[in-house]
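Computed from a predicted model, the values in this text were never measured in an experiment.
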Amino acid sequence: MSDLAMRISDAVNAVGLVDTHEHLLSEDERNRAAHDFGYLFPHYASSDLISAGMPPGLLEAVRATARPVLVERMARIGWIRKPPPMVAPSGADLSLEERWAALEPYWERIRHTGYGTCLRLAIRDLFGVQGLDKTTYQRLSAAIAASRRVGWYRHVLQEKAGIAVSLQDDYRTAVDRALFAPMVRLEHFACATTRGDLRNIEADTDRSVHSLVDLVEAMHAALDRYLFEGAVGIKIGIAYRRSLRFEKVAHADAERTFARLFDHLGEGPSWAEARPLQDYMFHRIIQAAVERDVPIQIHTGLQEGNGNVLENSHPLHLTNLCLEYGRAKFDLFHGGYPFMGELLAMAKNFPNVYLDLCWLYIISPSAGARMLHEAIETVPSNKIFAFGGDFIIPEGAYGHSLMARRIVSRVLAEKVTDGSLTEEDAATLAQRILRENAATLYRLKLDTHGQKPS
Ligand SMILES: [Zn+2]
């Protein structure tokens, strides 16, 4: 590495990160799931394994010891609808050796993808084992089992990854405030399709819901309660279930759909019937966020898992919202991958659109580097968020943070070398895109979260 690259890398490594997006298990949940190497495959790399040809039931057997905790969380995020079945014999009946034999041929096919690389970095740095193969899976499993302790999160996220604070995407606001600031979800107010869904909303908000006005008021009450409890923004992850195009719907048309929920005996209306109500409620959620000056994170681009409808998540579907809600703050996720050019143009064009590269570096390190190059050239530097881990396990967030720091360092060094930035500019940009921009938008109190310890 040249002296210049080394100095820039040092500057980037010194930044205490504001991580714009995580779904992490609580430390207690994590410690109940982390028994052996199967714990490392809750999502992402698991999707690559399926894409490589691994039968889904076999994957479930490989991660059998972690499965009860992982499946519950992933269903809540919306990455899976219902737990996939396990093949017989069940994973719990298989020895560690048999489970390794089941994984090995598929791991061999994916260990060099971005997801595989991220895991290999975490394995090396957190468990002191060089990679995952037939000579290491037993030692790695023993190291994972030995890591189940109070304080593992602080060690991995703060000491190793240098993350000052992470925005945690969850329905609950009950997160460890020393490490996380909560983002809340409101889409269950838009996607209520049965009387049971409405009863749950009534129970959760302690209000009666008999009209569309009642439903909107319940959503407002829930949002106000979450904000009072410390939520710093709203997350919308609905692109896993439908298109991001939210039409402007008249109250009367949405009310008609709402009334029909009571006709159904549990199966709920069809998507075509439900859409006016959903579209109406998403507009009301955006309006509620604008009234309270709360940022809105929206998933765009690739969905986690296998076999999704990619065009549903195209960021250009959001154009009407960006045009209508000039005072909104839309934090658009994942670089829009693979619709990156479109998202860059939106962040350049709309003052209310922010560009968030969370998840991107592990989908493709090269695409992440390319996009960051283009973003620095096209998007005002206050609107770029250059890191979000997007994992349910902290080890993944660590591996991703390492890749992010490397990529940001490399891109900034290339920009200094080609003369488009000074070295001082590069250091300032690193602080902004890895920390200050997100801290400003989400009004985080970073005085309680230090810089990365050297
Ligand atoms: Zn996510």
Checklist entry - Which word best sums up how the rings of H317 and H314 line up, parallel for under 30°, tilted for 30 to 60°, or perpendicular for over 60°? => result perpendicular
Item to check | Side-chain touch I234/Y226, heavy atoms, less than 4.5 angstrom | outcome: no
Item to check | Close side-chain approach of I8 to R410, heavy-atom, < 4.5 Å | outcome: no
Item to check | ring-ring contact (aromatic ring centres under 6.0 Å, His included) between H210 and F262, worked out | outcome: CA-CA 10 Å; H210 298 290; F262 292 92; 7.1 Å; no
Next on the checklist: Rounded at 0.5 Å granularity, tell me how far NZ in K329 sits from CD in Q297.
Outcome noted: 13.5 Å
Item to check | CD on E324 to CZ on F246, rounded to 0.5 Å | outcome: 13.0 Å
Next on the checklist: Assess the residue pair S381 and I376 against the criterion (side-chain contact (heavy atoms from CB on, under 4.5 Å)); give the C-alpha distance rounded to whole Å, side-chain angles, the decisive distance to 0.1 Å, and a yes or no.
Outcome noted: CA-CA 7 Å; S381 65; I376 292 169; over 6 Å; no
Checklist entry - Which of parallel (below 30°), tilted (30 to 60°) and perpendicular (above 60°) describes H251 and Y280? => result perpendicular
Item to check | Carboxylate-amine/guanidinium contact R148 D28, below 4.0 Å | outcome: no
Next on the checklist: Going by side-chain hydrogen bond (donor to acceptor under 3.5 Å, both in side chains), D279 matches just one of R284, R245, R242. Which one?
Outcome noted: R242
Next on the checklist: Test of understanding: with ring pair (Phe, Tyr, Trp, His ring centres under 6.0 Å), list the residues that count as partners of F189, not counting sequence neighbours.
Outcome noted: none
Checklist entry - Do the charged groups of R292 and D224 touch, with an N to O distance under 4.0 Å? => result yes
Checklist entry - Would a 4.5 Å heavy-atom cut-off, applied to side chains only, mark H35 and I144 as touching? => result no
Checklist entry - Hey, is the main chain of A164 close enough, under 3.5 Å, to the side chain of R435 for a donor-acceptor pair? => result no
Checklist entry - In terms of ring plane angle, is the pair F385 and Y442 parallel, tilted or perpendicular, where the classes change at 30° and 60°? => result tilted
Checklist entry - Would you call P42 and I393 a side-chain contact if the rule is heavy atoms closer than 4.5 Å? => result yes
Item to check | Charged N-O contact under 4.0 Å between E273 and R260 | outcome: yes
Checklist entry - So how far is it from D214 CG to M219 CE, rounded to the nearest 0.5 Å? => result 13.0 Å
Next on the checklist: Are T194 and L261 packed together at the side-chain level, in the sense that at least one heavy-atom pair is separated by less than 4.5 angstrom?
Outcome noted: no
Next on the checklist: Could you tell me if S47 and E304 have a donor-acceptor pair between their side chains, going purely by distance under 3.5 Å?
Outcome noted: yes
Side-chain polar contacts of residues 332-347 - donor-acceptor pairs under 3.5 angstrom, sequence neighbours left out - could you list them?
unit_1, atom_1, unit_2, atom_2, d
H334, ND1, C358, O, 3.0
H334, NE2, H299, ND1, 3.1

Checklist entry - Going through the distances and angles, do R443 and D293 end up as a salt bridge (charged side-chain N to carboxylate O under 4.0 Å, His left out)? => result CA-CA 11 Å; R443 300 196 179 100; D293 196 19; 2.6 Å; yes
Checklist entry - For atom CZ of R327, is the number of surrounding heavy atoms from other residues, nucleotides or ligands below 6.0 Å larger than 12? => result no
Checklist entry - Taking the six-membered ring for Trp, are F391 and Y44 parallel (under 30°), tilted (30 to 60°) or perpendicular (over 60°)? => result perpendicular
Next on the checklist: Between the side chains of D125 and K160, is the shortest nitrogen-to-carboxylate-oxygen separation below 4.0 Å, so that they form an ion pair?
Outcome noted: no
Next on the checklist: Between R154 and E159, is the salt bridge (charged side-chain N to carboxylate O under 4.0 Å, His left out) condition met? List the steps.
Outcome noted: CA-CA 7 Å; R154 187 173 286 274; E159 293 167 20; over 6 Å; no
Next on the checklist: Which heavy atom of F282 sits nearest to which heavy atom of E187, and what is that distance?
Outcome noted: CZ-CB, 3.9 Å
Checklist entry - Does any non-hydrogen side-chain atom of Q158 lie less than 4.5 Å from one of Y153? => result no
Next on the checklist: Does any part of the side chain of S313, heavy atoms only, come nearer than 4.5 Å to the side chain of L302, both counted from C-beta?
Outcome noted: no
Item to check | salt bridge (charged side-chain N to carboxylate O under 4.0 Å, His left out) evaluation trace for R149 with E27 | outcome: CA-CA 8 Å; R149 61 178 169 86; E27 185 174 77; over 6 Å; no
Checklist entry - Does the side chain of L429 reach to within under 4.5 Å of the side chain of L412, using non-hydrogen atoms? => result yes
Item to check | Identified side chain to side chain contact (heavy atoms under 4.5 Å, CB included) partner of I296 from the options L321, N352, I286 | outcome: I286
